[in-house]
Protein chains: 2
Amino acid sequence: MFCGKIIVRNFANMNFKMQIDPITDEQKKLARYAKAMGHPVRAYVLDLLANQSCCYSGDLTEVLPIAKSTLSQHLKELKDAGLIQGQTEAPKIKYCVNKENWEEAQKLFKKHLGL
Amino acid sequence: MFCGKIIVRNFANMNFKMQIDPITDEQKKLARYAKAMGHPVRAYVLDLLANQSCCYSGDLTEVLPIAKSTLSQHLKELKDAGLIQGQTEAPKIKYCVNKENWEEAQKLFKKHLGL
DNA sequence: CTTGTTGTTCGTAGTTTTGCGAAATACGAA
DNA sequence: TTCGTATTTCGCAAAACTACGAACAACAAG
């Protein structure tokens, strides 16, 4: 998603295209992570994976009141945001937090929430 | 939004309705706050109000590359989530963080992100 | 009371999210 | 290879989100 102002100025026969976006990359990243956490199911899953350990999709389906396919989409959402990762242990898939990005998220929230 | 399992059991001629929801209230609150922060514009506004001071809607419109009406909706979203509040200084409206809820959000993120 | 300034609300449009069940996929085991 | 298990992908529908401009509301100032 684009969130910037495009300003075009002409000097003589030169063309300048300058994008002035008051929203920083950090704020955009923060928003991306926040969005991923912005659903009860996903907040629950993250909580579980962060404070505890890895788990299988099936473990979650047993506990959560949603269809398997719906859970799968939430996991995909978290994966796309970079907060978790899944490794195949056929026929299961073990999900864990993506340490690197999780730490980045921690840093961002810490900074922007003034913690 | 409901995220729980409804389990109904019958004992003799008594009816039990029990809601078993693995997702805690804290996780739901966290998700609510995170959702509100989950857009670049809103992340920007929160950053501004939290790290700096209050500001008027007009101040933001000058800087942000979105229509007034769109900004107004984002501010409403933040207000509905409880993260900011607005007080009339006619004909302007001054927006500030809602201190009480902001602190709750800080606490929740701190706890659930393991900070 | 009229005007100008500041924001919100409304109507509309297109996109994304959320959710489900059914079908498809992946893969070890028999 | 065929079967069973675990999970994803597909197709669909309803709801929510994002965004805009036009119209409206609030109110101080003249």
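So you know, we letter chains A, B, ... as the sequences are listed, proteins then strands, and number each from 1.
- Checking D/dT18, D/dT7, C/dC20 against every side-chain atom of B/Arg42, the shortest atom distance belongs to D/dT18.
- Residue B/Leu60 contributes atom CG, which lies 9 Å from atom P of C/dG7 at whole-angstrom precision.
- With rounding to whole Å, B/Lys76 atom NZ is found 14 Å from D/dT18 atom C1'.
- Of the side-chain N and O atoms in A/Thr70, one or more sit less than 4.0 angstrom from OP1 or OP2 of C/dC20.
- Residue B/Tyr95 places at least one side-chain N or O closer than 4.0 Å to OP1 or OP2 of C/dT8.
- Under 3.5 Å, the side chains of A/Gln27 and A/His112 contain no donor-acceptor pair of N or O atoms.
- Distances from the side chain of B/Ile93 to the nucleotides D/dT5, C/dG7, D/dT8 place C/dG7 closest.
- What separates CD of A/Glu89 from P of D/dT5 is a distance of 19 Å, to the nearest Å.
- In this structure, the CD atom of A/Glu62 is 14 Å from the C1' atom of D/dT7, given to the nearest Å.
- Looking at every heavy atom in both residues, B/Lys79 comes nearest to B/Gln85 through CG-CA, 4.4 Å.
- Phosphate contact (OP1/OP2 of D/dC20, side-chain N/O of B/His74, threshold under 4.0 Å): absent.
- Using a 4.0 Å heavy-atom cutoff across all strands shown, B/Ser72 reaches at least one base atom of the nucleic acid.
- One can place NE2 of A/His39 at 18 Å from P of C/dT16, the figure rounded to the nearest angstrom.
- Rounded to whole Å, the distance from CD1 on A/Ile66 to C1' on D/dT8 is 14 Å.
- Comparing C/dT17, C/dC20, D/dT7 by their closest approach to the side chain of A/Lys68 singles out D/dT7.
- Residue B/Asp59 is the one, among B/Asp59 and B/Gln73, whose nearest nucleotide of DNA chain C lies closer to the 5' end (criterion: closest heavy atom).
- Among D/dC20, D/dC27, D/dT18, the nucleotide with an atom closest to any side-chain atom of B/Ala90 is D/dC27.
- Here A/Lys94 does not reach the OP1 or OP2 of D/dA6: none of its side-chain N or O atoms lies under 4.0 Å away.
- Between A/Tyr95 and A/Gln87, the side chains place no donor N or O within less than 3.5 Å of an acceptor N or O (distance only, hydrogens not considered).
- Not one N or O on the side chain of B/Glu103 forms a donor-acceptor pair closer than 3.5 Å with the backbone of B/Glu100.
- Residue A/Lys92 places no side-chain N or O under 4.0 Å from the OP1 or OP2 atom of C/dC27.
- Rounded to whole Å, atom P of C/dG7 lies 9 Å from atom CG of B/Leu71.
- A donor N or O paired with an acceptor N or O is found under 3.5 Å between the base of D/dG21 and the side-chain atoms of B/Ser69.
- Across the protein-nucleic acid pair, A/Tyr44 atom OH and C/dT18 atom P stand 18 Å apart, rounded to whole Å.
- By the 4.5 Å heavy-atom criterion applied to side chains, B/Leu83 and B/Leu46 are counted as neighbours.
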